[in-house]
Amino acid sequence: MVTTEETVEEKEDKKQEKEEKKQEKEEKKQEKEDKKPPVFKNPEFQHTAFRSSKKRGWRNLKQIISLERTYSWPDDCVHYSSIDAPPAFTPGKKYSDISGLPGNYTDPLTKLRFSDASEFYRVRDLPMDIVNGLLELRKANSIVG
């Protein structure tokens, strides 16, 4: 009789465990339904650019500056037309005068910047009038007095 009582108790325990699991699953389902979906998953979300029928065009710099002049700005504000903008803390990037790639090297003879050995040989083969023209484009001081 001991074995039958144990089996009955085990069966009841299993039934209770199953019922508890079912309740947990139902609670999880309700929590998921109660949560509001994020904006990027919201099926009813429409971006403002797609809602309006008016097509917006790009503004050029002249239009932006003229609009900024019409607004009343505080004195410490920095914008496009402000002359007193703070200087940049990072140094300006240097580019090769031949290819436009980042130029890490400078030829001591011609003062032209180059990025690799093949450009160095090309810089050395250039005539002085072309070298002067490239330096003027970069707004560097001419090496010939």
Counting only heavy atoms not in Phe120, do more than 12 sit closer than 6.0 Å to its CZ atom? yes
For Arg124, does the CZ atom have more than 12 heavy-atom neighbours from other residues, nucleotides or ligands under 6.0 Å away? yes
Is the backbone of Leu112 close enough, under 3.5 Å, to the side chain of Asp107 for a donor and an acceptor to pair up by distance? no
Can a donor-acceptor pair be found, under 3.5 Å and without considering hydrogens, that links the side chain of Ser99 to the backbone of Ser96? no
In Å, rounded to the nearest 0.5 Å, how long is the span from OH of Tyr121 to CG of Leu126? 15.0 Å
Would you compute the distance between atom NZ of Lys18 and atom NZ of Lys15 and round it to the nearest 0.5 angstrom? 9.0 Å
In this structure, NZ of Lys11 is separated from CD of Gln16 (nearest 0.5 Å) by 15.0 Å
Is the backbone N or O of Asn60 less than 3.5 Å from a side-chain atom of Gln63, with the two atoms forming a donor-acceptor pair by type? yes
Only counting residues at least two apart or in another chain, list the ones meeting salt bridge (charged side-chain N to carboxylate O under 4.0 Å, His left out) with Arg59. none
For the student: nearest non-hydrogen atoms of Phe114 and Val123, plus distance: CB-CG2, 4.4 Å
Between the CD atom in Glu27 and the NZ atom in Lys22, the distance rounded to the nearest 0.5 Å is 14.5 Å
Taking atom CG of Asp97 and atom CD of Glu119, what is their separation to the nearest 0.5 Å? 9.0 Å
Starting from Tyr95, can I reach Leu134 by hopping between I/L/V/M/F/W/Y residues whose side chains sit under 4.5 Å apart? no
Distance from Asn104 atom CG to Arg113 atom CZ, nearest 0.5 Å? 10.5 Å
